[in-house]
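These notes are about the structure you will find just below.
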There are 2 protein chains.
Amino acid sequence: MDENKLFDQLIAFTAAVHQVKHEMTQGIKPEGITPVQYSMLEYIAVSQPVTLSQISDCQQMSMPNTSREIKKLCDKQLCEKYDDPSDRRKQYVRLSGEGERVMQEAFGHIGARFLTRLQDASEKDLQEIVHAMDVLHSLVFYTDK
Amino acid sequence: MDENKLFDQLIAFTAAVHQVKHEMTQGIKPEGITPVQYSMLEYIAVSQPVTLSQISDCQQMSMPNTSREIKKLCDKQLCEKYDDPSDRRKQYVRLSGEGERVMQEAFGHIGARFLTRLQDASEKDLQEIVHAMDVLHSLVFYTDK
DNA sequence: GGATTTTGTTATCAAATGATAAGTAAATGG
DNA sequence: CCATTTACTTATCATTTGATAACAAAATCC
């Protein structure tokens, strides 16, 4: 296996994913939410409940900034903090009802846009796509530490 | 095919790619280059030569901001503008020698990090990965218009 | 050939983001 | 039980980024 070729492909691939995702999420961001806040909401939606430290780690932002942005999101009633009863230093964050609604809508828009992208794909293509994502997710783009 | 399940998987997958790429590029950014500038350099490196308008479109930033950031990169001697002889409104941008060097180094670091991720992968895994990227790149994450 | 469109520039402003210092409270670890 | 570490907060500041207006020059379009 030619490693250089693989790396070039990986770089081109991640760039393409990045760009397509950017296009997908253009214009769907709920009113009054900044890009960083949207990305935090997405992470919370997928991984909730999470602690502030986890958000800080995974989104690679400092704790003070994480705290500030989560506070804004809580002020906007899109998520809620609650204490970990077994360790009172920790605070978990989860989406509020409104937050769930907002993210469902956002994901719905993204889904619709993917659908137009996939409209020419056959059933067999779709199964290949699912399999391809499984492969890459487990072998390359895993996020455990 | 259950579409909702596919969309959920797509969202989780793009989020994972995004996060891993973020990790990969942590700390490798050349001195004195901002995230947006790095992302422009990456695009130029892969697609050069490109016009300012193309950068503006693909990176989804306004022309004034594109112009400003490219100017900064030219001031830093990382890229160069030159005229399109057939249309004197247009300006092409390409990496300078130093820019090529800097990006080669950055890509090298990313490659090394991918290598540690892939160290447990068998030859068969690698071939599956290549195929999976081909499938997704062509069927889902294509970027032509 | 004059209006319009395309391509890019400069200037300016506001908002978002990142970084740092200093502090609190709870848990952990000799 | 006292020192240290962990989890988070508040405040502040500089930088980056995004947005807009106003402009110029070349190409295109009737």
Side-chain angles (χ1 to χ4, degrees), chain A residues 18 22-23 25-44 47 49-76 78-94 145, chain B residues 18 22-23 25-44 47 49-76 78-94 145:
Chain A
H18 199 263
H22 200 166
E23 282 172 31
T25 52
Q26 262 319 86
I28 67 148
K29 283 167 194 157
E31 270 306 295
I33 272 139
T34 71
V36 167
Q37 285 167 7
Y38 177 79
S39 137
M40 296 172 87
L41 284 177
E42 220 178 46
Y43 174 64
I44 297 168
S47 314
V50 286
T51 65
L52 293 202
S53 299
Q54 286 177 295
I55 299 173
S56 168
D57 277 354
C58 291
Q59 304 286 96
Q60 314 194 47
M61 55 198 296
S62 68
M63 273 296 289
N65 293 337
T66 306
S67 175
R68 175 185 61 198
E69 298 307 318
I70 287 293
K71 189 169 190 309
K72 289 182 193 166
L73 289 172
C74 289
D75 289 348
K76 292 183 212 288
L78 293 170
C79 62
E80 306 165 338
K81 286 190 271 195
Y82 62 97
D83 293 338
D84 179 342
S86 76
D87 183 342
R88 286 164 53 213
R89 291 169 307 180
K90 287 188 187 170
Q91 303 249 86
Y92 283 105
V93 181
R94 69 181 162 217
K145 305 228 154 168
Chain B
H18 198 263
H22 199 169
E23 281 173 32
T25 52
Q26 262 320 85
I28 66 149
K29 282 166 195 158
E31 270 306 297
I33 272 139
T34 70
V36 167
Q37 285 167 7
Y38 176 79
S39 138
M40 297 172 86
L41 284 178
E42 221 179 44
Y43 174 65
I44 297 168
S47 314
V50 287
T51 65
L52 293 206
S53 299
Q54 286 177 297
I55 300 173
S56 169
D57 277 354
C58 290
Q59 303 286 99
Q60 315 194 44
M61 55 198 296
S62 69
M63 274 297 290
N65 294 336
T66 306
S67 174
R68 176 185 62 197
E69 297 307 319
I70 287 293
K71 189 168 190 309
K72 289 182 193 166
L73 289 172
C74 289
D75 290 349
K76 291 182 212 287
L78 294 171
C79 61
E80 305 164 339
K81 285 191 271 196
Y82 62 97
D83 292 338
D84 179 343
S86 76
D87 183 341
R88 286 163 54 214
R89 291 169 306 180
K90 287 189 187 169
Q91 303 249 84
Y92 283 105
V93 181
R94 68 180 163 219
K145 305 222 159 179

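Chain A is the first sequence line, chain B the second, and so forth, proteins listed ahead of strands; every chain is numbered from 1. Any value given below was found using the heavy atoms of this structure, including those in side chains, with hydrogens, waters and symmetry copies removed.
Computed from coordinates, the B/Lys72 NZ to C/dT9 P distance equals 14 Å when rounded to whole Å. Separating the NZ atom of A/Lys81 from the P atom of D/dC8 is a distance of 9 Å, rounded to the nearest angstrom. Here the C1' atom of nucleotide D/dA24 and the CD atom of B/Gln91 are 13 Å apart, to the nearest Å. Distance, A/Asp83 CG to C/dT24 P: 19 Å, rounded to whole Å. Atoms OH (A/Tyr82) and C1' (D/dC8) sit 17 Å apart, rounded to a whole Å. One interatomic measurement links the two molecules: CD1 of A/Ile70 to C1' of D/dA7, which rounds to 14 Å at whole-angstrom precision. We find that NZ of B/Lys71 is positioned 10 Å from C1' of C/dT9, with the value rounded to whole Å. Counting to the nearest Å, the C1' atom of C/dG18 and the CE atom of A/Met40 are 13 Å from each other.
Between B/Ser86 and B/Thr34, it is B/Thr34 whose nearest contact on DNA chain D lies nearer the 5' terminus. Closest-nucleotide positions on DNA chain C for B/Asn65 and A/Pro64 were compared, and the one nearer the 5' end corresponds to B/Asn65. Comparing A/Arg89 and A/Glu69, the nucleotide of DNA chain C nearest to each residue sits closer to the 5' end for A/Glu69.
In the set C/dA16, C/dT7, C/dT10, C/dT7 carries the atom at the smallest distance from any side-chain atom of B/Met63. Ranking C/dA16, D/dC8, C/dT7 by closeness to the A/Pro35 side chain, first place goes to C/dA16. Among the nucleotides C/dT7, C/dT10, C/dT17, the one closest to the side chain of B/Lys90 is C/dT7. Between C/dA27, C/dT17, D/dA26, one nucleotide has an atom nearer to the side chain of A/Arg88 than all others, and that is C/dA27.
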Given the rule in the side chain to side chain contact (heavy atoms under 4.5 Å, CB included) test, do A/Gln54 and A/Ser47 qualify, once you have shown the distances and angles that lead to the verdict? CA-CA 10 Å; A/Gln54 286 177 295; A/Ser47 314; over 6 Å; no
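Taken from CD1 in A/Ile70 to SG in A/Cys79, the straight-line distance is 4.5 Å, to the nearest 0.5 Å.
A donor atom on one side chain and an acceptor atom on the other are found under 3.5 Å apart for B/Ser39 and B/Gln59.
At a threshold of 4.0 angstrom between heavy atoms, the contacts of A/Thr66 with the nucleic acid are absent. Among the atoms of the strands shown, none is found under 4.0 Å from any heavy atom of B/Ser56.
Side-chain N/O atoms of B/Arg68 and base N/O atoms of C/dG8 include no donor-acceptor pair closer than 3.5 Å.
Heavy atoms only, all atoms of each residue included: A/Ser56 and A/Ser62 are closest at OG-C, 3.9 Å.
Using a 4.5 Å cut-off on side-chain heavy atoms (C-beta onward), A/Leu78 and A/Ile33 make contact.
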